[in-house]
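Worth knowing before you read on, the calculation uses all heavy atoms, side chains too, and leaves out hydrogens, waters and symmetry mates.
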Amino acid sequence: MRTRFVRTLALLALAPLAACTDAPPETPLTPEVQLAKVGGNARATGGGQYVLTLGDDDLQGTFSFNAKDKPNGTTDGRLRYTIDFFGQEIDFRGDVTCLTVDAENGRAWIGGVITANESEAEPFASGEIYQPGKDIWFRVLDDGEGGGAVDRTTFVGFEGGGGIITSQEYCDAAIWPDGNARTWPVTGNIQVR
């Protein structure tokens with residue numbers, strides 16, 4: 001019974017993280033920072049593992065994605081995010097439909113549409129906003145190369161998280177809270193160009 005109670009509390013705590021309830025940045029982007037939007041030659045790719053810390057628990061996750069602007073003004077790519085939620089898998093796959101890149105700071109906002117939900121944990125398994133055809137998004141940081149570089153990722157967000165409804169709205173808003181808030185270090189590699 002205690003284990004179920006702890007998991008329920010953890011799920012309640014994870015829900016805002018999953019929704020990527022990013023508040024507006026405390027320091028807005030300066031005019032000098034150029035954001036590459038659809039139609040440019042922006043690209044972001046990555047894959048590896050991350051550990052999402054939830055209270056005293058570390059939840060292990062994996063991710064992979066590729067996103068590339070096309071000359072015709074669309075964005076193409078794929079995404080997959082998983083996490084082991086206390087023995088139950090959360091697992092989403094999707095097609096990428098939007099990408100915004102801040103190459104100067106190594107940041108990218110990626111959005112798309114869920115194509116497969118193989119999650120076991122509720123509400124992710126059966127909740128309406130987590131089903132194929134619904135929007136999904138995340139953001140990443142490419143911290144460069146070398147021994148001191150630490151790339152970062154968020155978990156995925158869904159319709160309504162932070163008041164955002166669509167992936168395109170998420171990519172257009174390009175919200176990045178100060179201090180890399182709500183991102184986790186990656187074992188792997190992320191490239192933002």
Side-chain angles (χ1 to χ4, degrees), residues 9-37 42 44-65 67 79-85 90 92 94 96 98-112 121 123-124 129-130 135-145 148-192:
L9 287 178
L11 181 57
L12 291 174
L14 182 60
L17 297 174
C20 282
T21 56
D22 292 335
E26 294 174 21
T27 306
L29 293 172
T30 62
E32 299 82 47
V33 175
Q34 296 296 312
L35 298 178
K37 301 248 182 189
T45 60
Q49 298 83 37
Y50 64 100
V51 176
L52 187 152
T53 301
L54 186 61
D56 293 333
D57 296 305
D58 289 336
L59 307 179
Q60 305 289 323
T62 63
F63 72 100
S64 63
F65 69 92
L79 67 92
R80 184 172 187 189
Y81 268 75
T82 71
I83 197 161
D84 180 353
F85 189 70
I90 297 173
F92 291 99
V96 172
C98 68
L99 168 66
T100 298
V101 166
D102 169 4
E104 180 179 325
N105 293 303
R107 299 171 177 170
W109 298 260
I110 300 153
F124 301 98
I129 64 171
Y130 310 111
D135 285 13
I136 187 170
W137 53 77
F138 60 97
R139 59 189 166 90
V140 296
L141 172 68
D142 175 358
D143 194 33
E145 303 302 318
V150 179
D151 294 343
R152 303 179 72 87
T153 186
T154 61
F155 187 56
V156 288
F158 305 94
E159 182 180 316
I164 294 172
I165 304 302
T166 69
S167 293
Q168 189 63 57
E169 183 181 346
Y170 180 79
C171 290
D172 291 345
I175 297 168
W176 197 281
D178 286 346
N180 297 324
R182 294 180 292 284
T183 64
W184 291 275
V186 166
T187 302
N189 192 29
I190 293 172
Q191 295 284 314
V192 173

Separation of L141 CG from N105 CG (nearest 0.5 Å): 8.5 Å
Side-chain donor/acceptor of T154 to backbone N/O of F138, under 3.5 Å: no
F85 vs F124, ring-ring contact (aromatic ring centres under 6.0 Å, His included): CA-CA, chis, key distance, verdict: CA-CA 11 Å; F85 189 70; F124 301 98; 7.1 Å; no
Donor-acceptor pair, side chain of D142 and main chain of G106, under 3.5 angstrom: no
Donor-acceptor contact present, side-chain N180 to main-chain T183, <3.5 Å: no
Taking every non-hydrogen atom, the tightest pair across R107 and V192: O-CG1, 3.6 Å
From CZ (F92) to CG (L79), nearest 0.5 Å: 10.5 Å
Criterion side-chain contact (heavy atoms from CB on, under 4.5 Å) on E159 and E169, from CA distance to verdict: CA-CA 10 Å; E159 182 180 316; E169 183 181 346; over 6 Å; no
Nearest heavy-atom neighbours spanning P177 and R139: CD-NH2, 3.6 Å
Between OG1 on residue T82 and CD on residue Q60, distance to nearest 0.5 Å: 10.0 Å
Donor-acceptor contact below 3.5 Å, side chain S167 vs main chain W137: no
From D135 atom CG to Q168 atom CD, the distance as rounded to the nearest 0.5 Å: 9.5 Å
Side chains of P185 and T187 in contact at under 4.5 Å (non-hydrogen atoms): no
Approximate separation, where rounding is to 0.5 Å, of W184 CH2 and R152 CZ: 9.0 Å
Sub-4.5 Å side-chain heavy-atom contact between F65 and I190: yes
Beyond-backbone contact of L59 with I90, side-chain heavy atoms, under 4.5 angstrom: no
Parallel, tilted or perpendicular: ring planes of F158 versus F155, cut at 30 and 60 degrees: perpendicular
Whether Y50 and Y81 hold their rings parallel, tilted or perpendicular, with breakpoints at 30° and 60°: tilted
Least distance between heavy atoms, I110 atom then A44 atom: CD1-CB, 4.1 Å
Under 3.5 Å donor-acceptor, D58 side chain and T53 backbone: no
Non-hydrogen side-chain atoms of D151 and Q191 separated by less than 4.5 Å: no
Nearest non-hydrogen partners of A67 and V96, listed with the distance: CB-CG1, 3.7 Å
Residues forming a side chain to side chain donor-acceptor pair (under 3.5 Å) with D84, sequence neighbours excluded: none
Closest approach of A108 to V101 (non-hydrogen atoms, all atoms of both residues): CB-CG2, 4.2 Å
From OG1 (T100) to CD1 (I175), nearest 0.5 Å: 11.5 Å
Minimal non-hydrogen separation, Q49 against F63, with atom names: N-CE2, 4.0 Å
